[in-house]
Amino acid sequence: MRLFDTAAQEVLDLRPRHPGEVSIYVCGPTVYDVPHVGHGRFTLVWDVLRRWLHFRGFNVRFVSNITDVDDKIIQRAEREGVSESAVATRFEEVWWSSMAQLGVLRPSVAPRATEWIDSMIELIETLMARGVAYPLGDGIYFDVSAVADYGLLALQPLESLRAGARVDARRDKRSPLDFALWKFAKPGEPQWTASFGAGRPGWHTECVVMSLGLLGEGFDLHCGGLDLAFPHHENERAQAVALGRPFARRWAHNGFVMSGGEKMSKSLGNFTSLTDLLERTDPRAYRLLVIRSHYRSPLDVNTETIADAERSVARLDALARRFLLPRLAGDGVVDPVAAWAPEVENFVQEVTRLLDDDLNTPAAVAALFDGVATANSLADQGDSSAETWAHAVATLFGALGLSLVGDEEPLPSEVADLVVRRDEARARRDWSEADRIRSELESRGWIVEDSSQGTKVRRR
RNA sequence: GGCGGCGUGGCCGAGUGGUUAGGCAGGGGCCUGCAAAGCCCCGUACUCCGGUUCGAAUCCGGACGCCGCCUCCA
């Protein structure tokens, strides 16, 4: 498996710390609001990677945090007159519910920042003892000049970053890039006692503590949205470097979700919430949309691209119906396949090669759609290998977390009734009646297909 | 200002120095009572200008346009 490493700026072999095992840390959400579609993208991208690594035989340990203490949570709690923990709990529930709908696997461990405060305090004490953290009136700050290669993930040296820093009202920081490790509590705010003063942690500290605490030094891969590369990941790394502890071996970042050519984000106010999207769309359409583009490219999510993806999913579902394929992904992972039928070996090998090469899902999806055509074509010719092809396609899509759905759902009785009446009409070759019933079914939102087993309907 | 990325056919979106990406939409055909689904065929694209080359959308240089990071952000 090869992945583009943000620090090295090139595609590198993954080379896990322990052969056969991959440890991944993904920066999770701050739970102060409903997730937007950008959260959906990053969770899908890294879910696909996780599933693919599993399918390739790796034992994957996947940690992703919940940030449940933060300025924005405090602001919202104040605005709504409720406790901070009530806000965090509420939006964490929304988060997991959205993840479940998306078919994103639950992390192996999902630590909450507030459960790791003691470790963060210890870390800050150590940094202070080493002279790389200093107190100011409102908190404890990290001195970025202590890290020789600060700017690694920003692809810029410290001096250049400093020159570009926007005017900071604060003149007391040693450098405008210095960041808060700890914020002293104001009255009424959540706080924890610490030797250096009561308060709460800064954002960049929790991920260092939790990733090292749960995955250990030199864990394999640290992932997140591109906007986290700097300063969040840079600052995590800076702390680890200052502590002398080996941190992530590789860094991977996904591209943004765009809206009208602009990055979609809450601060720009141009976001679509993930919950809205999931209400009106088959979540599989979003997964397909995501894997149809490369994870590092920007991705435009709008009604057109989603509708396009939904129609593509319909083509896959038609395959599942035709071959009675089982649903494979969703809650569970698709396990490695020990041996493939000889006729699909090359096909599987090609898809594997593409995915192993920096997770080239768009090329893999293209190959898989070729596989769809092959399966259908072989079946049209009555070739018995068609089934093997269909299963291979479904298995590989399943390995990426996309289930093909061919099951027929139970029909409402009046629909079932119409189906029976239409079969009767067709049996006596009463085409006008058969067509009338078909129109009626269609007007009720059902797609009608004739088959050797009679009328079949499915929801539009 | 510094740094990074991108400009592909109607839309989305891969890729390679010379031979079909793929999906969606559209057109034609087969199948069907008619459909649907499926299959076959079709568009001959790569911002512009130079250069390298037998040959470049693919390499180099330049121009133009767009986006992102440098501030909370996935």
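Just so it is clear: chains get the letters A, B, ... in the order the sequence lines come, proteins before strands, and each one is counted from 1. FYI, side chains are in, hydrogens and waters are out, and symmetry mates aren't considered; it's all heavy atoms of this structure.
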**Student:** With respect to the side chain of A:Thr305, which nucleotide from B:C70, B:C12, B:G2 is positioned closest?
**Tutor:** B:C12
**Student:** With no hydrogens and no angle check, just 3.5 Å: does a side-chain donor-acceptor pair link A:His232 and A:Glu236?
**Tutor:**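 Side chains of A:His232 and A:Glu236: pair found under 3.5 Å.
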**Student:** Ring centres of A:Phe142 and A:His204 under 6.0 Å apart?
**Tutor:** no
**Student:** More than 12 heavy atoms of other residues, nucleotides or ligands under 6.0 Å from CZ of A:Arg249: yes or no?
**Tutor:**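 Counting other residues, nucleotides and ligands, CZ of A:Arg249 exceeds 12 neighbours.
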**Student:** How far, in whole Å, is B:G1 from B:U58 if one measures between their C1' atoms?
**Tutor:**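 Result for the C1' pair: 33 Å, nearest Å.
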**Student:** When the P atoms of B:A25 and B:G38 are considered, how many whole Å apart are they?
**Tutor:** 10 Å
**Student:** Reckon A:Met258 touches a base, only the sugar-phosphate, or nothing at all at heavy-atom distances under 4.0 Å?
**Tutor:**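 It contacts sugar-phosphate atoms only.
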**Student:** When we call it a touch if two heavy atoms are under 4.0 Å apart, what does A:Ser297 touch: a base, just sugar-phosphate, or nothing?
**Tutor:**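 If one applies the 4.0 Å heavy-atom cut-off, A:Ser297 turns out to touch the sugar-phosphate alone, with no base involved.
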**Student:** Pairing check on B:C69: which nucleotide meets the Watson-Crick or G-U wobble criteria with it, both distances under 3.5 Å?
**Tutor:** B:G2
**Student:** Starting at atom CG of A:Leu299, determine the distance to atom C1' of B:C11, rounded to an integer number of angstrom.
**Tutor:**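 Interatomic distance, CG of A:Leu299 to C1' of B:C11: 14 Å.
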**Student:** Over all strands shown, is A:Val45 touching base, sugar-phosphate only, or nothing at heavy-atom distances under 4.0 angstrom?
**Tutor:**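 Answer is nothing: A:Val45 stays at 4.0 Å or more from every strand.
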**Student:** Considering only the C1' atoms, how many Å lie between B:G61 and B:C70, rounded to the nearest integer?
**Tutor:**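 The answer is 28 Å between these two C1' atoms.
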**Student:** A:His39 side chain: which of B:G33, B:A74, B:C3 is closest?
**Tutor:**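 From the listed options, B:A74 comes nearest.
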**Student:** If we call it a pair only when both distances are under 3.5 Å in a Watson-Crick or G-U wobble match, what pairs with B:A56?
**Tutor:**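 The base-pairing partner of B:A56, which may sit in any strand shown, does not exist here.
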**Student:** On RNA chain B, check which nucleotide each of A:Arg311 and A:Ala363 is closest to and give me the residue with the more 5' one.
**Tutor:** A:Ala363
**Student:** Below 30° counts as parallel, above 60° as perpendicular, anything between as tilted: where do the rings of A:Trp251 and A:His233 land?
**Tutor:** tilted
**Student:** Would you give a per-nucleotide map of nucleotides 38-43 of chain B, 5' to 3', where B means the base has a protein non-hydrogen atom under 4.0 Å away, S means only the sugar-phosphate does, and - means neither?
**Tutor:** SS----
**Student:** What is the distance, rounded to the nearest whole Å, between atom CE of A:Met99 and atom C1' of B:A74?
**Tutor:** 10 Å
**Student:** Could you check which nucleotide pairs with B:A45 in any of the strands shown, counting Watson-Crick or G-U wobble with both distances under 3.5 Å?
**Tutor:**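 B:A45 is paired with nothing.
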**Student:** Contact class for A:Glu304 (heavy atom, under 4.0 Å): base, sugar-phosphate, or nothing?
**Tutor:** nothing
**Student:** Using Watson-Crick or G-U wobble geometry with both distances below 3.5 Å, tell me the partner of B:C64, or none.
**Tutor:** B:G7
**Student:** For the C1' atoms, the ones on B:C66 and on B:C60, what distance do you get once it is rounded to whole angstrom?
**Tutor:** 23 Å
**Student:** When you compare the ring of A:Trp431 with the six-membered ring of B:G33's base, are the centres less than 5.5 Å apart and the planes under 30° from each other?
**Tutor:**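 Ring-base stacking flag set for A:Trp431 and B:G33.
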**Student:** Given B:A74, is OP1 or OP2 found less than 4.0 Å from the side-chain N or O atoms of A:Lys263?
**Tutor:**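 Negative; the distance criterion is not met.
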**Student:** Taking the same atom, P, in B:G68 and in B:G26, what whole-Å distance lies between them?
**Tutor:**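 Comparing P positions in B:G68 and B:G26 gives a spacing of 33 Å.
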**Student:** Rounded to the nearest angstrom, tell me the gap between atom NE2 in A:His36 and atom C1' in B:C72.
**Tutor:**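 After rounding, the gap between these two atoms is 12 Å.
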**Student:** What does A:Ser293 touch in the nucleic acid at a heavy-atom separation under 4.0 angstrom: a base, only the sugar-phosphate, or nothing?
**Tutor:** sugar-phosphate
**Student:** Which nucleotide wins on minimum distance to the side chain of A:Gln156, given the candidates B:G2, B:A37, B:G22?
**Tutor:**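 It is B:G2.
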**Student:** State the pairing partner of B:G33; accept Watson-Crick or G-U wobble contacts with both distances under 3.5 Å, and report none otherwise.
**Tutor:** none
**Student:** With side-chain contact (heavy atoms from CB on, under 4.5 Å) as the test, pick out the partner of A:Phe347 among A:Thr352, A:Asp370, A:Val393.
**Tutor:**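 Per the side-chain contact (heavy atoms from CB on, under 4.5 Å) rule, the option paired with A:Phe347 is A:Val393, out of A:Thr352, A:Asp370, A:Val393.
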**Student:** To the side chain of A:Asp227, which of B:G22, B:C70, B:A74 is closest?
**Tutor:** B:A74
**Student:** Taking the six-membered ring for Trp, is the centroid-to-centroid distance between A:Trp46 and A:Tyr295 below 6.0 Å?
**Tutor:**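 That pair passes the under 6.0 Å test.
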**Student:** Quick check with a 6.0 Å cut-off and a 45 degree axis cone: is A:Lys266 positioned over the face of A:Tyr32's six-membered ring?
**Tutor:** yes
**Student:** For B:G22, what is the paired nucleotide under Watson-Crick or G-U wobble rules, both distances under 3.5 Å?
**Tutor:**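 In the structure as shown, B:G22 has B:C12 as its Watson-Crick or wobble partner.
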**Student:** Could you state the atom-to-atom distance from CG of A:Asn254 to P of B:G5 in whole Å?
**Tutor:** 18 Å
**Student:** Check the distance between B:C24's C1' and A:Ile306's CD1 and give it to me in whole angstrom.
**Tutor:**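 So the two atoms are 13 Å apart, to the nearest Å.
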**Student:** Answer yes or no: side-chain N or O of A:Arg41 and base N or O of B:A74 forming a donor-acceptor pair under 3.5 Å.
**Tutor:** no
**Student:** Rounded to whole angstrom, note down the C1' distance from B:C12 over to B:C6.
**Tutor:** 16 Å
**Student:** Quickly work out the A:His294 NE2 to B:C6 P distance and round it to whole Å.
**Tutor:** 11 Å
**Student:** At 4.0 Å (heavy atoms only), tell me whether A:Asp71 reaches a base, stays on the sugar-phosphate, or touches nothing.
**Tutor:**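 No contact at all - A:Asp71 keeps every heavy atom at 4.0 Å or more from the nucleic acid.
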**Student:** Consider the side chain of A:Ser160, meaning its heavy atoms from C-beta on, and name the nucleotide among B:A14, B:G2, B:C34 that approaches it most closely.
**Tutor:**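 Out of B:A14, B:G2, B:C34, the nucleotide with an atom closest to A:Ser160's side chain is B:G2.
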**Student:** Does A:Asn360 have a side-chain nitrogen or oxygen under 4.0 Å from the phosphate oxygens OP1 or OP2 of B:G15?
**Tutor:** yes
**Student:** Spell out, as yes or no, whether a donor-acceptor pair under 3.5 Å connects the side chain of A:Gln239 to the backbone of A:Asn235.
**Tutor:**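 Between the backbone of A:Asn235 and the side chain of A:Gln239 there is a qualifying donor-acceptor contact (under 3.5 Å).
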**Student:** Do A:Asn65 and A:Trp116 meet the criterion of a side-chain donor-acceptor pair at a distance under 3.5 Å?
**Tutor:**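 No, A:Trp116 and A:Asn65 have no side-chain donor paired with an acceptor closer than 3.5 Å.
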**Student:** When you get a sec, tell me which of B:G68, B:A14, B:C70 is the closest nucleotide to the side chain of A:Leu161?
**Tutor:** B:C70
**Student:** Would you measure the distance from the P atom in B:G28 across to the matching atom in B:C64 and give it in whole Å?
**Tutor:** 45 Å
**Student:** Just compare B:C34, B:G68, B:C70 and give me whichever is closest to any side-chain atom of A:Phe230.
**Tutor:**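 Of the options given, the side chain of A:Phe230 lies nearest B:C70.
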**Student:** What is the distance, to the nearest angstrom, from the CD atom on A:Glu442 to the P atom on B:A37?
**Tutor:**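 To the nearest whole Å, that distance equals 11 Å.
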**Student:** Using a 4.0 Å heavy-atom cut-off across all strands, classify A:Gly38 as base, sugar-phosphate, or nothing.
**Tutor:**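 The answer is base, as A:Gly38 lies within the cut-off (heavy atoms under 4.0 Å) of a base atom.
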**Student:** Could you check A:Glu279 against A:Thr275 for side chain to side chain donor-acceptor pair (under 3.5 Å), going step by step and ending with a plain yes or no?
**Tutor:** CA-CA 6 Å; A:Glu279 266 174 32; A:Thr275 41; 5.8 Å; no
**Student:** Using atom P in both nucleotides, what's the gap between B:G22 and B:C40 to the nearest angstrom?
**Tutor:**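 It comes out at 11 Å once rounded to the nearest Å.
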**Student:** Show every ring pair (Phe, Tyr, Trp, His ring centres under 6.0 Å) that has at least one partner inside residues 420-442 of chain A, sequence neighbours left out.
**Tutor:**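 Found none.
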**Student:** Name the orientation class of the two ring planes belonging to A:Phe247 and A:His222 (parallel below 30°, tilted from 30 to 60°, perpendicular beyond 60°).
**Tutor:**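 Plane angle between 30° and 60°, so tilted.
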**Student:** I need the CZ-C1' distance between A:Arg422 and B:A35, as an integer number of Å.
**Tutor:**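 Computing the A:Arg422:CZ to B:A35:C1' distance gives 8 Å.
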**Student:** Contact class for A:Gly40 (heavy atom, under 4.0 Å): base, sugar-phosphate, or nothing?
**Tutor:**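 Touches nothing.
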**Student:** I want to confirm an ordering. Mapping A:Lys72 and A:Val448 to their closest nucleotides on RNA chain B, which one lands closer to the 5' end?
**Tutor:**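 Looking at the nearest nucleotide for each, A:Val448 comes out on the 5' side.
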**Student:** Please determine, for the side chain of A:Arg426, which listed nucleotide (B:G33, B:A14, B:A36) has the closest atom?
**Tutor:**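 Closest of the options to the side chain of A:Arg426: B:G33.
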**Student:** Can you tell which of B:A74, B:G33, B:G4 lies closest to the side chain of A:Gln9?
**Tutor:** B:G4
